[in-house]
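Position 1 is the first residue of the sequence, and the numbers go up from there.
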Amino acid sequence: QVQLVESGGGLVQTGGSLRLSCAASGRTFSSLLMGWFRQAPGKERECVAAINSRGNVPYYLDSVKGRFTISRDNAKNTVDLQMNSLKPEDTAIYYCAASPTLGLYTRPFQYDFWGQGTQVTVSS
């Protein structure tokens, strides 16, 4: 089992920044693929960023490239998502997720463990 706890969501104006953090426990963190997903009302859950277990291969959703940065600290068992130049369309519940794989996956069903989610609201 893996327990994931997100923090850092909130309300921000267009163009602002937020940093989401996810703390993991219960399994060797360095063996986990980590991802950040989001789900807006009426929309499917999508992967906005993911990073492989070693932390050297990231993935970004096209719409967030150049604005979001995912990073992980395998010594601290944390994964962060730095979000800059936020837009109203970034408004969603953001979830941290983990998968015990050495690969890089982006589909929700490929992740076994999920956090409770944190709300990000970007006002126009």
_According to a hydrophobic-cluster definition based on side-chain heavy atoms being under 4.5 Å apart (Ile, Leu, Val, Met, Phe, Trp, Tyr only), do Met34 and Val57 belong together?_
yes
*Contacts of Thr28 that satisfy side-chain hydrogen bond (donor to acceptor under 3.5 Å, both in side chains) - sequence neighbours left out*: none
*Minimum side-chain heavy-atom gap Val122-Glu89 below 4.5 Å*: no
_With rounding to the nearest 0.5 angstrom, report the CG to OG distance, Leu102 to Ser31._
8.0 Å
_If you define the side chain from C-beta out and look only at heavy atoms, does anything of Val48 sit under 4.5 Å from Met83?_
no
_Crowding at CD, Gln13 (>12 non-hydrogen neighbours, <6.0 Å)_ = no
*asked:* Looking at every non-hydrogen atom in both residues, tell me the closest pair between Leu20 and Gly9 and how far apart they are.
replied: CD2-N, 3.6 Å
_Qualifying ring pair (Phe, Tyr, Trp, His ring centres under 6.0 Å) pairs, either residue in residues 46-79, two or more places apart_ = none
*Under the salt bridge (Lys or Arg N to Asp or Glu O under 4.0 Å) test, residues paired with Arg107 that sit two or more places apart*: none
*Roughly how far apart are Gln119 CD and Thr91 OG1, rounded to 0.5 Å?*
7.5 Å
_With a 3.5 Å distance limit and no angle check, can you tell me whether Arg72 reaches the backbone of Asn52 through a side-chain donor-acceptor pair?_
yes
*Which atoms form the tightest heavy-atom contact between Trp36 and Ile70, and what is the distance?*
CD1-CD1, 3.7 Å
*Got a donor-acceptor contact below 3.5 angstrom from the Ser99 side chain to the Gln110 backbone?*
yes
*Does anything in residues 85-124 pair up under disulfide (SG to SG under 2.5 Å), and if so which pairs, sequence neighbours excluded?*
Cys22-Cys96
*Is there a donor-acceptor pair closer than 3.5 Å between any side-chain N or O of Ser53 and the backbone N or O of Leu32?*
no
*Can you pull the ring pair (Phe, Tyr, Trp, His ring centres under 6.0 Å) pairs that have at least one residue in residues 79-114, sequence neighbours excluded?*
Phe37-Tyr111, Phe37-Trp114
_Pair Asp62 + Lys65, salt bridge at N-O below 4.0 Å_ = yes
*Under 3.5 Å: donor-acceptor pair, side chain of Glu6, backbone of Gln116*: yes
*Apply side-chain contact (heavy atoms from CB on, under 4.5 Å) to Ser25 and list each qualifying residue two or more places apart in sequence or on a separate chain.*
Gln3
*asked:* Show, in sequence, the C-alpha distance, side-chain angles and deciding distance for Gln82 and Asp80, and conclude whether the side chain to side chain donor-acceptor pair (under 3.5 Å) test is met.
replied: CA-CA 6 Å; Gln82 178 65 43; Asp80 292 345; over 6 Å; no
*Are side-chain heavy atoms of Val120 and Arg38 found at a separation under 4.5 Å?*
no
*asked:* Using every non-hydrogen atom in the two residues, find where Leu33 and Leu104 come nearest and quote the distance to one decimal.
replied: CD1-CD1, 3.6 Å
*Search all heavy atoms of Gly117 against all heavy atoms of Ile93 and return the closest pair with its distance.*
CA-CG2, 3.9 Å
_Any side-chain heavy-atom pair of Glu46 and Leu61 under 4.5 Å_ = yes
*Heavy-atom pair with the smallest gap, counting every atom of Asn84 and Ser17*: OD1-OG, 2.9 Å
*asked:* Show the nearest heavy-atom pair for residues Ala98 and Val2, with the distance to one decimal.
replied: CB-CG1, 4.5 Å
